[in-house]
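Just below is one structure, and these are the notes that go with it.
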Amino acid sequence: MSLLKLKPSCKDYLWGGHRLVDEYGKDFKGNVLAETWELSCHSDGPSYIDNGPFKGKTLAEYIDIKGQDILGSNCKRFDDFPILIKFIDAKDNLSIQVHPNNQYALEHEHQYGKTEMWYVVDAKDDAFLYYGFKNKISKEEFKERIENNTLLDVLNKVNIKKGDVLFIESGTIHAIGKNTLIAEIQQNSNVTYRVYDYARVGPDGKQRALHIDKALDVTLLDKAKEYDFGSSLGISDYFKVDKINLQNEVFKTNVDDKSFYSILVLDGSALIKSCDEELSLTKGDSIFVEANTGDIEISGSLSALITTIPTKQYRIGVDIGGTDCKIGLVDNDNNIIYHTKIETKAQNGALFVIDNICNKVQEIIKENGFELSNCKGIGFGIPGLLDVYNGEILYSNNLAWEHVKIRDLVYKKLGLHAYIANDADAAAFGEFIAGAGKGYKSALMVTLGTGIGSGLIVDGKIYKGTCAGTIEFGHSLIEFNGRQCTCGRKGCLEAYASATALINEGKKIENIDNLNAKDIFDKAQAKDSRYQKVIDEYIEYLGAGLVNAINVYNPSVILLGGGVCAQKEKLTKPLDEIISKACFGAAYKELPKVLIATLGNKAGIIGAANLV
């Protein structure tokens, strides 16, 4: 038995109608039927087998009996059944809501987050959906509009018609409007944070609970995104959705061992056959086809959504350092699936190093059960002067390389398109996308290490300028004819605000072997006025440099990385005070906060992967 007809769980939420009973033949005795969970292994609403010897068992029970192989190899990367498919009949407006991503949901709700898509099965002329914001707003404005009931004014209202599709990434604020019938394909989750609910009351006579604080944590505040999935209706790591329309025709396909098929019939009727099995299909039916069923044939006149679990798409991020190369596989949600490091061995030459990286990439792809064909590309964070447009390392002092055409070398070895950025830019980009800078429009990242690294992100893109290299904030002048800098000039910020500069000043007090930045802060904390003076002067210089950067670049946020940043508020609090007093126009504009970077060594991998 490989063709299963499913019976849904039914939900009588207060905004629902009765169309799923009247027009789609759902077996439900109540007055209001809002949702039917057509393909579900979720404990809040399982679907049931409705044909054959296993009739009456839940789909989850059937999978336990038959084994995980019936789901296909693409499902092995998931701990639980990956998706949930529903019909939704919205007679009234649904609440304005948002779903968290996996990381937040697992931490706070102990289940996965939710990315979903809607296919509009039917809609009246005045039907609409809310999807994201009209324009980017701040977190403060978002909160204020929730409190004063003006949130609807800034939401992106989309007029809809039958056949429209919206893809809703986790973190996207949204709502279904009244007089709409939707097919929803989503992650297997039931986590929803209500933001606004028209002051409606539930069955208990009380207004339904809102989840404002959590919504403020997870909501993406950018303008609503547009998606293009080519010939498919929607694609994510969890589902791929296609539509078939038959007019007295035959649709043939092969259900291989990679994924099961879910067939949701929107309209019409047909016959589905597989080997010696066959089932009749009619409007509203939900069919589960086991993986590795082989050839199936659907004949008749119908429209249906076919959902499968796609082979995971990923990108490769490589952070090349003077000592180590860090390599990671990064998914579409910017999770690092796997990461490792190898010795750079730059002294052996660029060809050796790049060949070694490519060999390691092939090895870890195979070890993780992936294929190169599922890789979107590979990104590199590299120290030095780069021609990012042509994929060439012009000169890297750290690696002692000149004129290395890394893009061509990687393509020849792996057949993958390669993208490059300065390593400081890659780290800044990673923090901007998935770390402390997430949700801001622009960011300046400053890394306080042996020297001072810097990367500038403007409108979601790395600022490249018009020539090779990255911005060199550390080599901006802070004191005319001051301390000697390694670049040859005198008075550069790097000579005053790098970790090296801090340690050098500490050693003038006591020449202690292996003195580090933490030691100096600890001694200052222990009321040693000599070290406190070193810390105060260090922060003054760094603050002056950040004020200059804000006056020139006007970023939304300043991100600090490097070992010195382990001091957190001991560093950020006085820097915020300096910025609030010294920036041009400070009394008349919103100034950027100074935040500590959160991704550590992962920032370069994630940033490099997002070059793809």
Side-chain angles (χ1 to χ4, degrees), residues 1-8 18-27 36 38-39 47 49-52 55 59 70 72 83 85-89 117-125 127 160-166 179-185 228-235 239-310:
M1 181 177 176
S2 59
L3 304 179
L4 305 178
K5 185 172 286 191
L6 300 179
K7 183 177 180 179
H18 208 257
R19 295 185 64 182
L20 294 174
V21 176
D22 298 338
E23 301 174 34
Y24 290 80
K26 299 303 174 182
D27 183 12
T36 54
E38 299 290 340
L39 177 73
S47 51
I49 311 301
D50 202 33
N51 68 306
K55 184 174 181 177
L59 178 58
I70 68 169
I83 61 172
I85 297 177
K86 306 173 180 177
F87 277 124
I88 300 176
D89 176 20
M117 63 159 280
W118 293 334
Y119 177 86
V120 180
V121 180
D122 196 21
K124 291 190 177 181
D125 291 342
I160 56 169
K161 62 184 183 303
K162 182 177 180 178
D164 285 346
V165 178
L166 272 82
N179 299 322
T180 306
L181 200 147
I182 297 284
E184 179 176 281
I185 297 87
D228 182 1
F229 298 106
S231 59
S232 294
L233 298 183
I235 303 174
F239 52 76
K240 177 176 179 287
V241 183
D242 297 283
K243 186 184 178 189
I244 58 171
N245 291 294
L246 304 179
Q247 294 294 329
N248 293 317
E249 298 171 272
V250 177
F251 170 80
K252 296 181 179 181
T253 190
N254 181 270
V255 182
D256 60 22
D257 61 356
K258 291 184 177 180
S259 175
F260 66 85
Y261 273 44
S262 166
I263 302 170
L264 188 66
V265 182
L266 306 176
D267 205 357
S269 60
L271 191 69
I272 182 171
K273 295 181 180 179
S274 167
C275 296
D276 56 351
E277 286 187 70
E278 66 178 43
L279 285 175
S280 60
L281 304 179
T282 191
K283 181 177 180 179
D285 279 349
S286 174
I287 306 298
F288 177 91
V289 183
E290 293 182 7
N292 210 26
T293 290
D295 294 333
I296 64 169
E297 177 181 296
I298 301 174
S299 56
S301 297
L302 92 169
S303 62
L305 300 182
I306 296 181
T307 303
T308 56
I309 308 304

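The figures that follow rest on heavy atoms only: side chains count, while hydrogens, waters and symmetry mates do not.
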Short side-chain to backbone donor-acceptor contact, D164 and V120, under 3.5 Å | no
Counting distance only, does the side-chain N/O of K7 pair as donor-acceptor with the main-chain N or O of K55 below 3.5 Å?
-> no
Test item: L4 and F260 side chains (from C-beta on) under 4.5 Å apart, heavy atoms | no
For L305 against Y119, the heavy-atom pair lying closest together | CD1-CB, 4.0 Å
Within-4.5 Å side-chain heavy-atom neighbours: I49 and L59 = yes
Acceptor/donor pairs from residues 270-278 side chains to any protein atom, 3.5 angstrom cut, sequence neighbours excluded:
{"from": "E277", "atom 1": "OE1", "to": "S2", "atom 2": "N", "distance (Å)": "3.3"}
{"from": "E277", "atom 1": "OE1", "to": "L3", "atom 2": "N", "distance (Å)": "3.4"}
{"from": "E277", "atom 1": "OE2", "to": "S2", "atom 2": "N", "distance (Å)": "2.7"}
{"from": "E277", "atom 1": "OE2", "to": "S2", "atom 2": "OG", "distance (Å)": "3.0"}

Heavy-atom donor-acceptor pair, K258 side chain to T308 backbone, under 3.5 Å = no
Any donor-acceptor pair under 3.5 Å linking the side chain of S286 with the backbone of E38?
-> yes
side-chain contact (heavy atoms from CB on, under 4.5 Å) assessment of I298 paired with I263 = CA-CA 11 Å; I298 301 174; I263 302 170; 3.9 Å; yes
Check V121 against K162 and note the closest heavy-atom contact, atom names and distance.
-> O-CG, 3.2 Å
Mark yes or no for whether D89, through its side chain, and H18, through its backbone, hold a donor-acceptor pair below 3.5 Å.
-> yes
Taking all non-hydrogen atoms of both residues into account, name the closest pair between G234 and F229 and its distance.
-> CA-CD1, 3.6 Å
